[in-house]
Amino acid sequence: MTDKNKLPVAEERDTVEKVTGFWNQYSKQILIGIAAILIVGGGIFGYNYLISGPNEKKASEAMRYAEEYFRQDSVRLALEGDNLNPGFLKIISKYSGTKAANLAHFYAGSCYLTMGDFKNAVKHLEDFSTSEPLVKARAKALLADADSELNKKEEAAKLYKEAAGIFEKDDFYSPQYLFRAGYLYESMGKTKEAIEMYKMIKEKYPQYKEYDIDKYLGRLGNTE
């Protein structure tokens with residue numbers, strides 16, 4: 001990236017904080033959103049789904065208290081548990097192989113992100129799997145957040161792009177993922193890739209107004 005294309009210092013700092021420090025800035029809102037998706041939204045991981053046998057039932061019952069702490073933003077208690085009830089880490093080890101333990105990996109990764117332990121966040125988010133598109137996209141984006149915080153810009157940009165493509169109908173998060181991918185590519189001097197991300201936002205999400213995409217394209221020499 002040439003000097004003439006760089007943002008003014010104040011604006012650059014603001015954008016960096018919004019992109020590479022996204023989790024620290026918006027962790028509480030994201031935690032609430034994740035809880036809604038996983039617990040309330042459509043019953044994706046409802047307890048009836050989790051209870052498929054004695055072990056599943058025990059695991060899902062153990063999850064209740066950890067999830068409650070998670071909803072209350074008490075991430076350390078959610079992760080480690082209290083004197084009476086296990087946290088997500090204990091559920092993962094005690095009920096390995098259950099659907100509840102799989103879900104606990106997602107929660108644990110989210111908790112570690114909030115706590116600033118990005119390596120453990122990556123570990124648990126990589127161990128989580130789901131076929132539900134909205135949650136899959138969210139998990140991949142959170143993994144990108146962790147990689148970004150670890151200064152793994154190339155990996156993070158790729159993950160943001162992938163996350164945006166999983167559930168393209170999501171016109172709230174998908175353009176944000178594309179923007180973060182574009183900005184990271186731009187910060188690495190990968191102008192072609194950055195322009196591609198910004199143009200995808202313009203074409204697929206014309207209603208996206210959080211950033212002036214034309215300005216970002218313009219300073220990269222693309223004024224189409």
Side-chain angles (χ1 to χ4, degrees), residues 1-27 29-30 33 109-110 112-113 116-129 133-224:
M1 194 188 307
T2 62
D3 289 342
K4 68 179 181 179
N5 287 329
K6 289 184 178 180
L7 284 166
V9 174
E11 186 178 355
E12 181 87 24
R13 186 182 303 114
D14 180 61
T15 306
V16 168
E17 288 176 354
K18 287 184 178 179
V19 178
T20 60
F22 182 84
W23 180 263
N24 288 334
Q25 189 174 5
Y26 296 110
S27 60
Q29 296 94 315
I30 292 174
S110 302
Y112 277 123
L113 271 171
D117 187 342
F118 304 117
K119 289 184 178 179
N120 271 317
V122 168
K123 174 180 178 293
H124 285 282
L125 288 167
E126 286 182 340
D127 285 339
F128 171 72
S129 63
L134 185 60
V135 180
K136 185 177 182 179
R138 203 77 195 92
K140 193 173 287 285
L142 293 180
L143 183 56
D145 288 341
D147 276 344
S148 178
E149 297 287 357
L150 291 168
N151 204 33
K152 296 180 179 179
K153 294 183 178 182
E154 187 78 47
E155 295 92 330
K158 181 180 177 181
L159 287 169
Y160 282 136
K161 181 180 178 181
E162 291 175 358
I166 292 173
F167 194 69
E168 292 183 329
K169 292 181 180 179
D170 180 2
D171 59 5
F172 181 77
Y173 283 117
S174 288
Q176 291 185 33
Y177 302 156
L178 288 173
F179 179 82
R180 284 181 243 168
Y183 186 83
L184 287 177
Y185 280 130
E186 188 177 348
S187 72
M188 291 183 285
K190 297 196 172 187
T191 302
K192 180 180 177 181
E193 290 85 350
I195 289 174
E196 179 188 356
M197 297 299 100
Y198 295 148
K199 290 182 75 173
M200 284 177 68
I201 296 173
K202 281 197 67 175
E203 293 167 5
K204 294 185 177 182
Y205 308 100
Q207 78 291 343
Y208 183 71
K209 303 299 181 185
E210 185 169 347
Y211 297 97
D212 184 349
I213 300 302
D214 285 331
K215 180 183 69 175
Y216 286 88
L217 285 169
R219 77 163 189 258
L220 293 177
N222 188 287
T223 56
E224 297 178 8

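Nothing fancy with the numbering, it's 1 onward along the sequence.
The two residues K209 and P206 make their nearest non-hydrogen contact at NZ-O, 3.3 Å. When every heavy atom of A194 is checked against every heavy atom of L220, the shortest pair comes out as CB-CD1, 3.9 Å. Taking all atoms of both residues into account, the shortest heavy-atom contact from A146 to V122 is CB-CG2, 3.6 Å. Heavy-atom minimum distance, R180 versus D145: NH1-OD1, 2.9 Å. Among all heavy-atom pairs drawn from A164 and Y177, the shortest one is N-CD1, 3.7 Å. For the residue pair Y160 and S148, the shortest heavy atom distance occurs at OH-CB, 4.1 Å.
Y205 places a side-chain heavy atom less than 4.5 Å from the side chain of E168. Looking at heavy atoms from C-beta onward, I213 lies in side-chain contact with F179 at the 4.5 angstrom threshold. Counting only heavy atoms from C-beta outward, the side chains of K202 and D214 approach each other to under 4.5 Å. Contact annotation: the side chain of F118 never approaches that of N151 to less than 4.5 Å [non-hydrogen atoms, C-beta and beyond].
Looking only at atom types and distance, the side chain of Y198 has a donor-acceptor partner in the side chain of E186 under 3.5 Å away.
Put simply, the residue from K192, K199, E193 that forms a side-chain contact (heavy atoms from CB on, under 4.5 Å) with I195 is K199.
Atom CE in M200 sits 5.0 Å away from atom CG in L178 (nearest 0.5 Å). Distance check, rounded to the nearest 0.5 Å: CD of E162 to CD1 of I166 gives 7.0 Å. Here L217 contributes atom CG and M197 contributes atom CE; the two are 11.5 Å apart, rounded to the nearest 0.5 Å. Atoms CD and CG, on E155 and L143 in that order, are 10.0 Å from each other to the nearest 0.5 Å. To the nearest 0.5 Å, atoms CG (N120) and CG (L125) are separated by 10.5 Å. Summarising the geometry, atom NZ belonging to K158 is positioned 14.5 Å from atom CG belonging to L184; distances are rounded to the nearest 0.5 Å.
Under a 4.0 Å N-O distance rule, the pair E196/K161 qualifies as a salt bridge.
Between Y208 and Y211, the ring planes are tilted. Angles from 30° to 60° get that label.
The backbone N or O of F167 lies less than 3.5 Å from a partner atom in the side chain of S174, making a donor-acceptor pair.
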